[in-house]
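Indexing begins at 1, ligand by ligand and atom by atom, following the structure's order. Just so you know, residue 1 is the first one in the sequence shown, and it goes up from there. The shown structure was predicted, so the numbers you read here are calculated from the model rather than taken from an experiment.
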Amino acid sequence: MGLLRSSMCKQAQLESSTFKDWALRMHEDPHHLHRKIWEYEFVAQALFERDMLRSGRRGLGFAVGRESLPALFASMGCEILATDLDYEKAARGKWVETAQYAGSLEALNAKGVCDDKEFRDRVAFRFLDMRALPDDLGVFDFLWSSCSLEHLGTLALGEKFIQESLKYLRPGGIAVHTTEYNLSSNFFTLSRGQTVLYRRKDIERIATDLRQRGCSIDLDFTQGDGPHDRFVDRPPYKNPVHLRLKIWGHVVTSFGLIIQKA
Ligand SMILES: C[S@@+](CC[C@H](N)C(=O)[O-])C[C@H]1O[C@@H](n2cnc3c(N)ncnc32)[C@H](O)[C@@H]1O
């Protein structure tokens, strides 16, 4: 597999030994063709290839929910600050009742991905609202968010988060984000609400802005064309193959952004 770029070729990537290895390390089923699992593996592989996942590296995770990424990165020697909304705001956003919120340090290693002592030594947790980024977090080698920036209320707020969170990176640091991508239209979309959907033109605008700030970002809009890539899951989203789905009439998949700070 070449160096990972923004990508939507999920079936081929999920079936690669590289991505299956990440699934096993996170105690996920390596045969499960699910876009959420792809997102975790995409983040891990993008950071690994850029030499971010080793002892001495510091990482910052946003809206970590119940992800295993903080535990995975800690098991590889990184120091991690994992963040998410406070309980009250998360409950208001229905993240608690839909079991997508952990809200505590211990819950982030529930699957035992990292040795317990190493996890406690290397991972810290704090509440943080991605719409109001504080100035006292420090500087990190890398940061990431998975399936979160589309939940900030508007397309513009997600975009603002991508730009402003760069302040936490040292020069040359890496940011990796995954978000919802609208495959149906480059015009009609969901631009406000609990979930928004980024179109190709939105991603291109974000990339142009980042390049103007001196960042590197490499886009690839190639869509996977495997049979599982083409399958569209519909509510109640119970199909074991779930790489594309239909939301409010739009066909959607996840898109990954890999950004290097100037
Ligand atoms: C769909 S879940 C994703 C959780 C996790 N990142 C994952 O991929 O499994 C959305 C997450 O976004 C968090 N979230 C929503 N709005 C947020 C905000 N304004 N600031 C920080 N986190 C937020 C929720 O608490 C929840 O953990």
Side-chain angles (χ1 to χ4, degrees), residues 10 14 19 22-23 25-29 32 34-47 59-73 80-111 113 123-134 137 142-165 167-168 175-181 190 192-198 233 235 237 242-243 245 247 252-257:
K10 298 188 176 61
L14 282 165
F19 272 48
W22 288 119
R25 292 179 80 144
M26 287 187 273
H27 302 186
E28 300 284 354
D29 174 0
H32 193 181
H34 197 288
R35 76 195 166 94
K36 292 278 299 193
I37 296 175
W38 175 86
E39 294 186 41
Y40 305 146
E41 295 170 5
F42 179 89
V43 172
Q45 181 65 12
L47 292 172
L60 171 62
F62 292 95
V64 292
R66 297 186 174 191
E67 282 170 24
S68 292
L69 290 176
L72 174 69
F73 299 158
I80 299 296
L81 176 58
T83 69
D84 206 332
L85 281 178
D86 65 45
Y87 182 88
E88 209 173 286
K89 283 186 189 165
R92 239 182 284 137
K94 304 225 184 300
W95 301 115
V96 178
E97 70 182 60
T98 54
Q100 297 183 79
Y101 177 80
S104 76
L105 182 63
E106 301 68 37
L108 296 178
N109 196 28
K111 291 186 186 159
V113 168
V123 184
F125 178 81
R126 85 175 241 182
F127 297 128
L128 181 146
D129 188 331
M130 293 159 73
R131 293 164 300 189
L133 298 179
L137 295 188
F142 66 91
L143 60 82
W144 82 92
S145 74
S146 153
C147 196
S148 305
L149 64 93
E150 65 272 29
H151 299 304
L152 302 185
T154 63
L155 289 170
L157 282 171
E159 198 165 334
K160 182 165 171 263
F161 161 74
I162 294 174
Q163 293 158 355
E164 289 190 356
S165 57
K167 71 182 178 183
Y168 300 125
V176 185
H177 303 287
T178 61
T179 190
E180 308 274 12
Y181 181 83
L190 300 178
R192 58 180 54 244
Q194 170 87 348
T195 301
V196 300
L197 306 176
Y198 289 89
D233 196 11
Y237 308 122
H242 181 86
L243 303 181
L245 66 155
I247 303 178
V252 170
T253 192
S254 317
F255 192 83
L257 293 166

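Neither side chain, Trp144 nor Glu39, offers a donor N or O lying under 3.5 Å from an acceptor on the other. When only modelled atom types and interatomic distance are considered, Thr179 and Glu150 share a side-chain donor-acceptor pair under 3.5 Å.
Shown in contact with Ser148 at under 4.0 Å from a heavy atom are these atoms of ligand 1, numbered in order with element: 6 (N), 12 (O). Short contacts between ligand 1 and Leu152, defined as distances under 4.0 Å to a heavy atom of the residue, involve ligand atoms 17 (C), 18 (C), 19 (N). Taking a cut-off of under 4.0 Å to the non-hydrogen atoms of Tyr101, the atoms of ligand 1 that pass are 25 (O).
The side chain of Lys36, and not its backbone, has at least one atom closer than 4.0 Å to an atom of ligand 1 (non-hydrogen atoms only; side chain from C-beta on). By the criterion of a heavy-atom distance under 4.0 Å, both the backbone and the side chain of Asp129 are placed next to ligand 1. When heavy-atom distances to ligand 1 are checked against a 4.0 Å cut-off, Val64 comes that close only through its backbone atoms N, CA, C and O. Neither the backbone nor the side chain of Phe62 comes within contact range of ligand 1; no heavy atom lies under 4.0 Å.
Heavy-atom neighbours of Lys111 NZ from other residues, nucleotides or ligands within 6.0 Å: above the threshold of 12.
Using a 4.5 Å heavy-atom cutoff, the side chains of Phe42 and Thr178 are in contact. At a threshold of 4.5 Å between non-hydrogen side-chain atoms, the residues Leu69 and Met26 count as touching.
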Applying side-chain contact (heavy atoms from CB on, under 4.5 Å), run through Leu257 and Val176 and close with a yes or a no.
CA-CA 6 Å; Leu257 293 166; Val176 185; over 6 Å; no
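Contact between Leu128 and ligand 1 is present, with at least one heavy atom of the residue lying under 4.0 Å from the ligand. The shell of residues lying under 4.0 angstrom from ligand 1, judged by heavy atoms, excludes Gly93.
Protein heavy atom closest to atom 14 (N) of ligand 1, with residue, atom name and distance, is Leu85 CD1, 3.8 Å. The protein non-hydrogen atom at the shortest distance from atom 27 (O) of ligand 1 is Asp84 OD2, 2.8 Å. Protein heavy atom nearest atom 1 (C) of ligand 1, with residue, atom name and distance: Gln100 OE1, 3.0 Å. The protein heavy-atom contact nearest to atom 4 (C) of ligand 1 is Ala63 O, 3.6 Å. Looking from atom 9 (O) of ligand 1 to the surrounding protein, the closest heavy atom is Tyr40 OH, 2.6 Å.
Using the six-membered ring where Trp is involved, Tyr181 and Phe255 have ring planes that are parallel, under 30° apart on the 30 and 60° scheme.
Between Phe161 and Phe62, the ring center distance clears the sub-6.0 Å criterion.
Across the listed options Phe127, Phe161, Trp95, Trp95 owns the non-hydrogen atom lying nearest to atom 24 (C) of ligand 1. For atom 20 (N) of ligand 1, the choice among Arg66, Lys94, Met130 with the nearest heavy atom turns out to be Met130.
The OG atom of Ser254 sits 15.0 Å away from the NE2 atom of His177 when rounded to the nearest 0.5 Å.
A donor-acceptor pair is defined here as one N or O able to donate and one able to accept, closer than 3.5 Å; no such pair exists between the side chain of Glu28 and the backbone of Ile37.
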